[in-house]
Amino acid sequence: MSHHIDKKTGRYKTNSLLIHGKFLTKKWDFSHHVIPPMSTSVTYRLDSIERAAKGFNNFANPAVFGHRTPDPIYIYERLDEPVRGMLEDNLAFAEEGDCAITFASGMAAVSAAIGIFIRAGDEVISHRTVYGCTYSLFSNWYPRYNIKVHFTDLTKIENIQKHLSPRTRVIYFETPTNPTMELIDIKAIVELVRQINKKRKKENRIYTVVDNTFATPFCQRPLTLGVDVVLHSLTKNIGGFGTDVGGAVISREEFESPIMLYRKDFGGQLASKTAWTIYVYGLPTLSLRLKRQQESASKIVEFLQNQKFVEYVRYPGIKGTRDYEIARRQMIDFDGNFAPGNMLAFKIAGNPE
Ligand SMILES: Cc1ncc(COP(=O)(O)O)c(C=O)c1O
């Protein structure tokens with residue numbers, strides 16, 4: 001250590017302090033910031049063996065759920081980090097879940113949300129239409145790990161029974177689906193799975209996992225309808241500005257620990273700088289943006305419905321359709337209003353060359 005000390009002053013040399021100094025300042029008062037500082041530390045001072053031991057013991061420990069507050073002990077960014085933690089608290093609040101764990105992308109969130117439940121030999125029942133890379137994950141990668149995915153039409157829930165096996169572990173769907181805008185009746189699926197689970201041991205339970213990216217928590221909160229795990233590509237509606245890629249898994253308390261451990265070991269954590277952007281700009285503007293985009297979507301639907309070149313338009317707000325009836329039950333905004341969302345699909349008439 002002695003070469004770090006200036007012989008004349010007896011103090012640490014400037015260069016040493018610039019590297020190893022305790023960057024404490026009275027100018028940094030984290031708890032009173034309205035907008036959080038952009039904290040970007042990878043490692044954290046543990047100060048003492050005792051505090052370090054407590055930090056490692058508390059991490060992802062279900063016995064100390066809510067460990068981020070009031071006295072979080074941060075160790076290493078991949079494990080936990082304050083700005084990401086603040087975003088996670090607000091995402092959990094928006095989705096009415098107990099906890100949210102963020103990821104580097106929506107696909108990392110898809111992988112984790114299913115990954116905590118499945119092992120080799122297990123089976124997943126998925127709606128036949130899902131986001132392209134989710135489809136690729138299910139059909140190109142899962143077979144390598146001996147995980148079978150049955151793609152079926154979950155708009156007809158009787159199809160679940162057709163593919164059910166003792167190894168079925170997860171029912172997976174998006175609603176509305178990307179890109180076809182089909183709606184799946186969340187409550188009907190949850191009810192059916194509840195009935196099936198009554199006859200199963202805990203280790204054979206089936207879990208419902210919903211990708212809520214298209215609807216966002218503004219329009220739909222599947223956890224309140226009994227779904228086990230919700231996930232998002234934060235890259236889309238929640239990030240909102242097309243500047244950042246991210247994902248999140250939101251769930252009940254019992255799944256916080258496995259999801260945190262999954263992220264710790266598989267990686268794919270959300271960068272704190274990205275968390276900051278989504279926390280400061282994305283989530284606070286969600287309602288405002290969605291309300292306005294919903295108005296625009298209705299006008300675009302009306303326009304498209306009157307065009308000869310359009311064979312059909314699919315949007316949850318179109319009265320007289322099956323989707324509308326489902327949407328009326330499950331797409332409700334934070335204030336209790338019908339919220340069919342900002343996404344629509346349409347088919348151009350004829351056969352494209
Ligand atoms: C419904 C849905 N889920 C998941 C993803 C994947 O998200 P990301 O691109 O953030 O990995 C997307 C991306 O388009 C999506 O639309």
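For this chain, numbers begin at 1 and follow the sequence in order. Indexing begins at 1, ligand by ligand and atom by atom, following the structure's order.
- Among protein heavy atoms, the minimum distance from atom 9 (O) of ligand 1 is reached at Lys236 NZ, 3.7 Å.
- Ligand 1 has no nitrogen or oxygen under 3.5 angstrom from a nitrogen or oxygen of Glu174.
- With respect to Arg221 and Glu96, a salt bridge is recorded, a charged nitrogen being found less than 4.0 Å from a carboxylate O.
- Under the rule for a side chain to side chain donor-acceptor pair (under 3.5 Å), the partners of Asn237 that lie at least two apart in sequence or sit in another chain are Asn342.
- Remark: Ala109 engages Phe103, Leu231, Val249 in a side-chain contact (heavy atoms from CB on, under 4.5 Å) (not counting sequence neighbours).
- Within the listing of ligand 1, atoms 8 (P), 10 (O) sit less than 4.0 angstrom from a heavy atom of Thr235.
- Protein heavy atom nearest atom 6 (C) of ligand 1, with residue, atom name and distance: Tyr131 CE2, 3.4 Å.
- Side chain to side chain, Thr177 and Thr180 meet the donor-acceptor criterion of an N or O pair below 3.5 Å.
- Checking only distances, Met107 does come within under 3.5 Å of ligand 1, N or O to N or O.
- Distance from atom 16 (O) of ligand 1 to its nearest protein heavy atom, with residue and atom name: Asn178 ND2, 2.9 Å.
- Cation-pi geometry between Arg128 and Tyr135 is not met: the NZ or CZ atom fails to fall both under 6.0 Å from the ring centre and inside 45° of the normal.
- Listed by atom number, the atoms of ligand 1 under 4.0 Å from Asp211 heavy atoms are 1 (C), 2 (C), 3 (N), 4 (C).
- What sits closest to atom 8 (P) of ligand 1 on the protein, heavy atoms only, is Gly106 N, 3.3 Å.
- Taking the six-membered ring where the residue is Trp, Phe309 and Phe346 present perpendicular rings, their angle passing 60° and hence far from 30°.
- Remark: Arg328 is positioned above the aromatic ring of Phe338, its terminal NZ or CZ atom under 6.0 angstrom from the ring centre and at most 45 degrees off the axis.
- Heavy-atom separations between Gly246 and ligand 1 include at least one value shorter than 4.0 Å.
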